[in-house]
Amino acid sequence: DAKTTQPTSMDCAEGRAANLPCNHSTISGNEYVYWYRQIHSQGPQYIIHGLKNNETNEMASLIITEDRKSSTLILPHATLRDTAVYYCIVPMDSSYKLIFGSGTRLLVRP
Amino acid sequence: EAQVTQNPRYLITVTGKKLTVTCSQNMNHEYMSWYRQDPGLGLRQIYYSMNVEVTDKGDVPEGYKVSRKEKRNFPLILESPSPNQTSLYFCASSVQGARDTQYFGPGTRLTVL
């Protein structure tokens, strides 16, 4: 998997947007960026993924820079239930596993 | 509802007593895998399976066995559990591999005394 770098922790106020950055400067042209999150000891949960274009679903938006070396996950209106560890992962084409780094611990404050 | 189920969710056992943690998915996925999660070490893959009767080692396979006799089931077997296998275990599945969206089970917290 391409190496990813994320801040260790972040916080935001409930109701505000949470913007979680990820650097993946070694990403290859056909590698997707995936975001998962893990809410306290629960199974990791898929959030969103993208290749080049910005993506949006019911959970979040993903903004990928034009050079694809970084991306930002946006939770538009964070709630307390969004408090979790967020993982940015770039699996290789031939990869048989996901490499979970340390992720970003997001704390949503009331 | 599409889901991955694991049983048991919690288990306390003693050293050397064989145990099996079951994993089942109802999405007709070909790919399944097992991870363990430990404080400070993150999630590490134990074994994975690309399809029925096809399994392979992940990063930390020692002390574990798996089987894939049916597409929907991927049990994790600890023949002789030891205290260093105390961990939180997750099963995951996807359509074909790691590049596909992974669906994780709720986890099994295992304590080996």
Side-chain angles (χ1 to χ4, degrees), chain A residues 1-9 22 24 27-52 55-60 62 64 68 71 73 84-105, chain B residues 2-7 9-10 21 23-25 27 29-51 54-61 66 87-111:
Chain A
D1 295 6
K3 180 176 173 57
T4 61
T5 304
Q6 300 177 251
T8 303
S9 64
C22 178
H24 31 78
I27 193 170
S28 298
N30 64 344
E31 291 176 340
Y32 284 75
V33 180
Y34 278 81
W35 283 82
Y36 289 80
R37 74 180 182 183
Q38 186 176 24
I39 297 171
H40 184 60
S41 295
Q42 296 181 19
Q45 175 190 25
Y46 164 80
I47 302 173
I48 198 168
H49 73 283
L51 182 64
K52 292 182 183 178
E55 302 288 345
T56 296
N57 63 20
E58 64 278 4
M59 289 182 68
L62 176 61
I64 302 175
R68 301 206 332 115
S71 60
L73 178 75
V85 178
Y86 288 78
Y87 297 98
C88 168
I89 302 173
V90 180
M92 292 189 301
D93 190 23
S94 59
S95 179
Y96 53 81
K97 66 181 177 185
L98 294 180
I99 297 178
F100 288 84
S102 300
T104 295
R105 189 171 297 275
Chain B
Q3 61 182 349
V4 178
T5 57
Q6 295 179 225
N7 283 292
R9 295 289 313 281
Y10 302 91
V21 183
C23 173
S24 182
Q25 49 92 6
M27 294 167 280
H29 286 166
E30 292 189 353
Y31 175 89
M32 297 184 75
S33 65
W34 277 102
Y35 290 82
R36 61 177 287 175
Q37 185 172 30
D38 303 289
L41 296 176
L43 283 133
R44 295 176 293 167
Q45 190 184 58
I46 304 170
Y47 267 95
Y48 67 98
S49 169
M50 299 299 288
N51 211 329
V54 180
T55 64
D56 210 341
K57 297 176 181 179
D59 294 323
V60 288
V66 292
S87 187
L88 180 58
Y89 292 86
F90 292 105
C91 179
S93 74
S94 70
V95 173
Q96 284 192 321
R99 285 195 73 184
D100 298 311
T101 300
Q102 303 290 307
Y103 294 83
F104 284 82
T108 295
R109 187 170 292 281
L110 172 66
T111 300

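Chain identifiers are assigned alphabetically (A, B, ...) following the order of the sequence lines, protein sequences preceding nucleic acid strands; residue numbering begins at 1 within each chain.
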Next on the checklist: Give me the atom names and distance for the closest heavy-atom approach of Tyr87(A) to Leu43(B).
Outcome noted: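 In terms of heavy atoms, the two residues are closest at OH-CD1, 4.4 Å.
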
Checklist entry - Which heavy atom in Arg99(B) sits nearest to a heavy atom in Glu31(A), and how many Å separate them? => result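 That would be NH2-CA, 3.9 Å.
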
Next on the checklist: Please identify, among Ser94(B), Gly97(B), Ala98(B), the residue contributing the most non-hydrogen atom pairs under 4.5 Å to chain A.
Outcome noted: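 With the most close heavy-atom pairs to chain A, the winner is Ala98(B).
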
Checklist entry - Could you state the interatomic distance from CD1 (Ile47(A)) to OG1 (Thr101(B)), rounded to the nearest 0.5 Å? => result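 Separation between the atoms: 11.5 Å.
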
Examine whether an atom of [X] lies under 4.5 Å from a heavy atom of chain A, and if so say whether it belongs to the side chain, the backbone or both; otherwise answer neither.
| X | result |
| --- | --- |
| Ser33(B) | neither |
| Asp56(B) | neither |
| Arg109(B) | side chain |
| Tyr31(B) | side chain |
| Gln6(B) | neither |

Checklist entry - With distance as the sole test, does Tyr36(A) use its side chain to make a donor-acceptor pair with the main-chain N or O of Gln102(B) at under 3.5 Å? => result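 Present.
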
Next on the checklist: Main chain of Lys97(A), side chain of Tyr35(B): is a donor-acceptor contact present, judged purely on distance under 3.5 Å?
Outcome noted: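 Checked: no pair found.
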
Checklist entry - Under a 4.5 Å heavy-atom cut-off, does chain B meet the side chain of Tyr32(A), its backbone, both or neither? => result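 Contact with chain B is through both the backbone and side chain of Tyr32(A).
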
Checklist entry - Does CZ in Arg105(A) sit with more than 12 non-hydrogen atoms of other residues, nucleotides or ligands closer than 6.0 Å? => result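 No, the 6.0 Å shell around CZ holds no more than 12 heavy atoms from other groups.
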
